[in-house]
Amino acid sequence: MNEKSIHKDAEHFISISEKEGIETVWNRLKSQEPHCGYCELGLSCRNCAMGPCRIDPFGDGPQKGVCGASRDTIVARNLLLTISAGAAAHSDHGRDILETFYETSNEKTSGYMIKDVEKLKKLAIEFGINVNDRNDGDIARELGAKLMEEFGTKQKRLTLLDRSPKKRQEIWERLNIVPRGIDRENVESLHRIHMGVDNDYLNLLLHSLRTSLSDGWGGSMIATELSDILFGRPEPLVSSVNIGVLKENEVNIALHGHNPILSDVIVQAAEDPELIKIAKEKGAKGINLVGICCTGNELLMRKGVPMVGNHLMQELVIMSGVLDAMIVDYQCIMPSVVDVAKCFHTKIISTFDKAKFEGAEHISFDKSRGIEIGKKIVRLAVENFENRIPGKVDIPDKPVEMMAGFSVESILELLGGSLDPLVDAIKIGKIRGVAADVGCNNPKIKHDYGHTYITKCLIENDILVLVTGCAAVANGKIGYMNMDAVKYAGKGLKEVCESLKIPPVLHVGSCVDNSRLLVLVSAIANNLGVDISDLPVVGTAPEWYSQKAVSIATYFVASGVDVVLGIPPAIFGSQKVVDVLTNGLKDLVKATFSVEPSPDKAARLIQKKIEDKRMLLGLSYREIG
Amino acid sequence: MMKRIVILGAGPAGITVAETLRKFDKTSEVIIISDEPYPPYSPPAMTEYFLTGKAFHLWKGSNFIDNYLNAKYLSGKSKRVVEVDPESCRVVLLDGEEIYFDNLVLATGSRLSASIKGMEKEGLYNFKSLSAAEEIMEKVREREAKSALVIGAGFIGIEIAVLLKELGVKVTQLVRSRYMRGMLDEEAAGVLMHIMENKGIDVLKGSDADTVEFMGDPDVRSVRVRSGKILTADLMIAATGIRPNVEFLSGSGIKVNDGVVVDEFMRTNYSQIYACGDIAETINRITRQRVVYPSFYNAVNQGVITAYNLLGMNIRYEGADRINSIKHIGIPLITAGDVDSKDGSSVVYKKGKGFIKKIFLKNGRIVGFILLNDITNAGIFKRLMDRQVDVSSYRDRLLDENFGEGLLYRSILKIM
Amino acid sequence: MKSVIIIPDRCIGCKQCEIACSVEHSKSKNIYSSVFETPKSAPRIFVLPGDHSCFSFPNKCRHCDPAPCLMICPTGAIYKDSSIILVDPTRCIGCRMCAMVCPFYVIRYRESPDIVERYVATKCDGCIDRIKKGNIPACVETCKTGAILFDDLNKILKEKGLNFAKKVFLVQKEGKKIDVLQEKNCYNMLQELKEKLYRTMVVEDE
Ligand SMILES: Cc1cc2nc3c(=O)[nH]c(=O)nc-3n(C[C@H](O)[C@H](O)[C@H](O)COP(=O)(O)OP(=O)(O)OC[C@H]3O[C@@H](n4cnc5c(N)ncnc54)[C@H](O)[C@@H]3O)c2cc1C
């Protein structure tokens with residue numbers, strides 16, 4: 001009776017947590033039920049002190065907020081706030097990378113260098129920087145300064161939008177939703193939400209699109225590009241996943257969060273001979289790093305660091321009893337990890353001054369002393385090895401092999417330097433299309449069930465699946481991301497996978513790396529001379545929970561990719577907003593949102609969308625019932 | 001002519017009959033007879049009364065009979081009923097007074113029972129009635145009793161042990177098998193024993209607790225237990241069980257089995273005579289077996305039904321419940337139904353920090369439950385048990401934190 | 001006579017009635033200060049999740065007649081005042097017998113400002129103080145979706161019946177779709193989606 005997760009390791013720890021009274025996300029969800037219907041519908045507003053206000057969804061009670069805002073205004077305002085928070089998270093992450101990049105170009109950091117000069121130069125050229133006869137530092141410095149402007153007010157238009165097809169850019173211009181500055185759109189969102197500014201739900205929704213675009217083509221894309229330059233461009237590699245990557249006889253350190261700046265130096269620090277020596281003195285065989293969430297994905301993509309789990313595993317992995325430290329940076333880290341850790345010996349170490357956790361040990365990260373701080377943190381973990389509680393060691397599963405490292409560049413390389421083989425495979429229908437399974441976990445849906453169910457249906461039907469974030473870990477863990485998984489693919493996809501030696505599900509990276517998907521679909525569209533919205537490409541987030549996911553979904557749609565969500569967003573209080581998002585946007589940006597919580601129906605919907613696009617492109621298509 | 005209704009016994013059963021009658025019938029003559037010299041009281045409230053000294057806990061108040069019931073109240077030792085003659089519709093009291101009735105209600109309750117040698121001797125105390133309790137309390141107040149031996153570990157044994165302990169008496173309790181046998185399973189009984197010991201009560205078990213003889217002459221001074229030991233204390237209190245007060249009915253022709261046999265309208269074999277409360281043998285609501293379940297709830301429920309039928313309403317009694325809440329132990333503990341998990345039953349179990357919850361099921365239906373230190377949904381479980389609702393489809397969710405009326409409401413809708 | 005009437009389909013689980021109830025039964029009757037009181041006030045109405053949690057239900061005392069809690073109370077602490085079942089906390093000995101027989105589990109045991117030595121039975125008092133002052137119960141006042149009404153039951157039944165009859169008329173005479181018989185609104189839409197989500201939790205594994 002797998003109720004809460006599809007995975008053996010998760011179910012094992014969930015049942016132990018229940019027996020021992022260790023509170024987890026599932027207990028807390030239960031105690032929050034029933035959820036407030038106003039909030040679920042997006043009909044509550046607590047923006048100002050004339051309120052808080054709520055609109056009766058049934059129509060007999062109040063229909064206006066104190067200020068006079070209608071249900072449509074309130075729902076749209078709330079949605080804009082959600083998207084802004086998500087976009088801000090990605091973009092602030094991007095800014096942190098940018099600062100590190102810039103300081104590195106000024107040689108003011110420790111533990112960082114320009115690793116991918118080729119990519120640096122390519123990016124610099126996109127920003128109109130002269131790269132000939134200049135040293136890397138100079139180029140980087142100039143690029144850094146230019147990128148900072150992308151965040152500000154000077155710009156009238158984000159530079160990287162140029163990567164998108166011309167037709168797409170025209171749509172954005174026509175709708176007046178071309179993102180100007182990354183910070184600017186977010187600040188303007190907050191401004192518009194203030195009482196008495198933007199009260200028109202359609203205008204609010206359009207700005208939602210613009211704000212999300214400033215994430216996808218701005219903050220997130222900059223984060224991805226600069227991470228590649230600083231930490232190396234991902235290349236295909238083989239690693240492993242699930243609780244089994246923890247090693248009983250080594251010091252285990254989990255890296256959790258999203259930003260690779262810190263974790264990259266931790267990787268370096270963990271190789272320090274002196275620390276390894278101390279570990280051995282304490283009785284450990286070595287130091288074992290594992291990843292959780294997107295920090296894990298960043299390390300997996302570039303360094304092959306194995307993955308211990310995704311979002312809903314973060315509390316459970318502590319229960320293995322062998323996790324000597326969990327080092328967290330920011331985003332998606334449940335405050336409760338500190339509480340779970342109290343029942344075990346695990347040390348929770350927070351590292352960013354903007355993301356502190358009550359009860360965790362805080363070691364303020366400073367990029368100018370990167371290596372030194374990295375070592376300090378690793379040492380804490382090593383020293384904690386001896387505090388393990390003997391009876392509590394519990395590693396209930398063996399790791400599964402998982403491939404990763406499919407950046408746009410490495411996919412191109414696999415294809416022999418040109419997109420043509422992929423485009424041809426799509427044209428002749430060996431591959432029907434591409435689906436991006438992205439987004440988080442959410443305890444409201446059985447853990448990883450949505451991701452894996454949908455993926456299975458899609459690859460069976462010759463749809464290549466690209467995954468990022470928690471979706472990647474879900475699919476890796478169930479075995480869809482190694483060469484053995486080719487057997488699950490339909491005939492056409494199987495042929496392609498075998499000839500390219502790739503699994504049917506490709507790991508594209510962390511959640512900021514969804515920007516890679518924008519780059520990839522733009523390249524394919526440009527190759528075919530069409531708009532992104534013409535491509536047989538669909539995005540899905542069956543288990544999303546976070547504001548970042550809403551921002552991603554929105555920039556997908558605004559960029560012309562249909563998105564199928566599994567969890568209903570808080571918009572159903574306004575029929576008008578629902579109509580625009582699920583239908584009206586088709587006329588505006590040629591893509592829409594759908595909400596389909598049933599993974600089975602969602603998979604069929606995705607398939608249908610892909611086949612419909614094929615038909616419009618004049619390619620062979622299948623009737624989907 | 002005005003009808004005369006005579007009620008024997010002023011316990012919860014008898015008083016409930018009178019009270020319910022008066023809601024509908026203001027004119028009939030009602031006579032209540034009790035052999036205790038007090039206004040009506042509620043035995044479950046006695047412990048509280050002795051702990052706090054506040055008489056208002058004792059239930060309805062001393063002027064209840066005059067102010068509310070408009071009944072004649074004959075009480076005291078001399079008013080004990082010694083004979084009932086159904087043929088001539090007459091009862092005879094100890095002082096010789098004869099009272100005729102149109103309807104008679106037998107509600108004389110129950111008293112201590114034990115089949116142990118020396119049982120009939122003086123100096124053996126019990127806590128079954130206020131009169132009996134006052135005798136104990138007198139000793140305690142006079143400081144004649146510094147130590148007490150409580151023989152038995154049932155409901156009443158627990159109450160008196162806790163009460164005496166609270167009042168500063170050194171208490172030893174003899175627990176032959178386990179606390180609340182028949183009402184608690186071994187695990188819950190074990191927890192209860194722990195609680196009692198933590199309260200400072202000395203618990204003796206097994207052959208040291210198996211009383212074979214009350215010794216002393218003429219008064220009981222000690223007990224001999226199966227292990228051969230002789231135990232002694234200032235106060236010897238028996239709480240070994242109870243049996244219905246039916247002796248005065250012998251030869252009356254009123255049918256008595258384990259208790260007075262009544263039909264589903266609470267009528268005895270004489271249609272003008274009813275019985276209710278601890279004295280009555282009724283049927284178990286669920287199993288439909290004939291039972292005597294002495295409890296406050298059953299006494300009151302039966303009292304109400306008796307009154308309805310005296311009024312000619314023809315209302316059936318649904319059956320007696322085996323359910324109780326154990327008081328004064330410091331934590332809530334509710335037990336109901338069949339908790340002896342014999343064959344054919346399965347258990348839904350949940351144990352957490354400081355609580356144990358068990359639901360016993362047979363054929364997908366609840367037949368019993370124990371809720372220790374977390375009584376969430378107690379009444380809902382009782383309702384599902386009483387109606388023998390098939391809970392198989394949500395069996396595993398019964399002890400979920402979110403189980404309750406919300407979920408049932410929906411499920412009930414689904415069934416419809 | 002007016003009484004509190006629950007329309008479960010209208011409950012959206014916002015729990016505002018719980019808060020209003022807590023505030024009403026606090027010493028200060030003021031939301032800002034009530035949260036700092038000891039003992040803390042607590043609600044006597046409970047918004048419970050239904051199946052799939054796509055459904056919620058405001059559970060409160062029905063003021064039964066006859067009331068099992070009143071009958072079983074061995075100290076007479078539970079009494080009736082004009083069709084409202086009330087508890088006198090000073091007489092309550094906390095025996096839990098009322099909770100044992102309450103078929104709806106709406107009696108809880110809490111600290112009472114009047115009683116120090118124990119938790120006492122605490123339940124809905126029908127906002128009898130407010131009613132006496134001519135106000136409506138706090139839960140009713142705060143509920144904006146019409147899930148908790150204070151009205152004459154017969155009147156409500158009549159209104160609902162008429163309303164339904166009108167819809168049936170629309171279907172029969174004017175050929176409207178049978179859908180109009182069901183209330184369709186944005187909350188139903190959400191409920192359907194949530195139900196689908198819930199199903200993923202109980203699917204059989206292949
Ligand atoms: C200490 C204690 C605690 C209890 N706690 C609980 C509890 O928490 N929950 C629960 O459900 N139950 C409890 N009970 C049991 C409950 O009190 C009885 O089941 C209930 O009182 C039965 O009511 P009754 O009217 O049938 O009999 P009784 O209460 O026994 O009343 C019968 C009355 O009739 C009188 N009488 C007897 N014979 C004659 C006669 N020949 N002539 C005249 N009068 C006579 C008796 O003296 C007595 O006053 C408790 C009992 C005791 C002793």
Side-chain angles (χ1 to χ4, degrees), chain B residues 12 16 20 41-49 51-52 54 56-61 64 295-297 300-301 303-304 321 323-328 330 332-336 371 375-384 386-387 394 397 401-411 413-414, chain C residues 6 8-9 11 13 45-62 64-77 79-80 88 90-109 115 117-119 121 191 195 198 201-202:
Chain B
T16 304
T20 313
Y41 65 90
S42 156
M46 286 189 322
T47 302
E48 187 70 20
Y49 165 62
L51 279 172
T52 63
K54 289 181 187 150
F56 63 71
H57 286 304
L58 275 177
W59 206 19
K60 309 256 177 186
F64 178 72
S295 86
F296 187 87
Y297 188 51
V300 170
N301 274 339
V304 170
D321 295 299
I323 184 164
N324 228 322
S325 163
I326 294 143
K327 321 188 286 284
H328 299 293
L333 171 53
I334 290 175
T335 158
L371 304 173
I375 58 162
T376 305
N377 289 330
I380 289 181
F381 296 142
K382 178 180 186 305
R383 169 176 120 205
L384 295 171
D386 288 354
R387 298 188 190 163
Y394 47 89
R397 297 169 72 182
E401 49 258 64
N402 278 355
F403 181 77
E405 190 60 8
L407 197 132
L408 281 177
Y409 182 84
R410 174 70 173 225
S411 300
L413 277 188
K414 254 199 259 165
Chain C
I6 303 286
D9 291 353
C11 177
I45 184 168
F46 312 96
V47 180
L48 305 174
D51 241 350
H52 317 165
S53 90
C54 50
F55 181 84
S56 55
F57 180 78
N59 195 28
K60 65 180 278 296
C61 176
R62 275 59 155 188
C64 307
D65 186 14
C69 59
L70 186 154
M71 279 167 65
I72 203 173
C73 178
T75 63
Y79 63 103
K80 194 164 173 172
D88 173 355
T90 58
R91 286 177 85 108
C92 174
I93 60 170
C95 70
R96 265 71 171 180
M97 295 231 278
C98 48
M100 183 174 92
V101 298
C102 169
F104 308 108
Y105 185 56
V106 290
I107 303 177
R108 303 292 155 88
Y109 297 85
I115 307 294
E117 59 268 36
R118 64 164 68 89
Y119 286 9
Q191 282 176 318
E195 193 166 331
Y198 177 77
M201 290 295 200
V202 288

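If you're wondering where the values come from, they're calculated on a predicted model, not measured in any experiment. Every chain is numbered from 1, with letters handed out A, B, ... down the list of sequences.
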Partner chain B: residue of [options] with the largest heavy-atom pair count (under 4.5 Å):
| options | value |
| --- | --- |
| C:C73, C:P66, C:G94, C:A77 | C:C73 |
| C:L48, C:I72, C:I107 | C:I72 |
| C:V106, C:T90, C:V47 | C:T90 |

Locate the shortest heavy-atom distance separating [X] from [Y]; write the atom from each residue and the value.
| X | Y | result |
| --- | --- | --- |
| B:P44 | C:P74 | CB-CB, 3.8 Å |
| C:F104 | B:R383 | CD2-NH1, 3.4 Å |
| C:M71 | B:F296 | O-CE2, 3.8 Å |

Checklist line | B:S42 side chain to C:T75 backbone, donor-acceptor under 3.5 Å | finding: no

How long is the span from the [atom1] atom in [X] to the [atom2] atom in [Y], to the nearest 0.5 Å?
| X | Y | atom1 | atom2 | result |
| --- | --- | --- | --- | --- |
| B:L407 | C:F57 | CG | CZ | 11.5 Å |
| C:M100 | B:I323 | CE | CD1 | 4.5 Å |
| C:M97 | B:I334 | CE | CD1 | 10.0 Å |
| B:L58 | C:R91 | CG | CZ | 9.5 Å |

Notebook entry, point to check: So B:E405 and C:Y105, side chain to side chain contact (heavy atoms under 4.5 Å, CB included) or not? Walk me through it.
Noted result: CA-CA 8 Å; B:E405 190 60 8; C:Y105 185 56; over 6 Å; no

Heavy-atom pairs under 4.5 Å with chain C, option from [options] with the top count:
| options | answer |
| --- | --- |
| B:I380, B:L51, B:N301, B:V300 | B:I380 |
| B:A378, B:S325, B:P43 | B:S325 |
| B:L371, B:V304, B:N324, B:T47 | B:N324 |

Notebook entry, point to check: Non-hydrogen atoms of chain B under 4.5 Å away: do they reach the side chain of C:C95, the backbone, both or neither?
Noted result: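 Answer is both: backbone and side chain atoms of C:C95 are under 4.5 Å from chain B.
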
Item checked: Side chain, backbone, both or neither of C:R118 within contact of chain B (heavy atoms, under 4.5 Å) ->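 Answer is side chain: those atoms of C:R118 sit under 4.5 Å from chain B.
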
Checklist line | Heavy-atom side-chain contact between C:P8 and B:Y409 under 4.5 Å | finding: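 Yes, side chains in contact.
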
Next item on the list: Could you check C:V101 against B:K382 for side chain to side chain contact (heavy atoms under 4.5 Å, CB included), going step by step and ending with a plain yes or no?
Entry: CA-CA 7 Å; C:V101 298; B:K382 178 180 186 305; 4.0 Å; yes

Next item on the list: Step through the shown structure and confirm whether more than 12 heavy atoms of other residues, nucleotides or ligands are within 6.0 Å of OH on C:Y109.
Entry: yes

Note to self: Between B:S295 and chain C, with a heavy-atom cut-off of 4.5 Å, which part of the residue counts as in contact: side chain, backbone, both or neither?
What the structure shows: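 Looking at B:S295, nothing touches chain C.
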
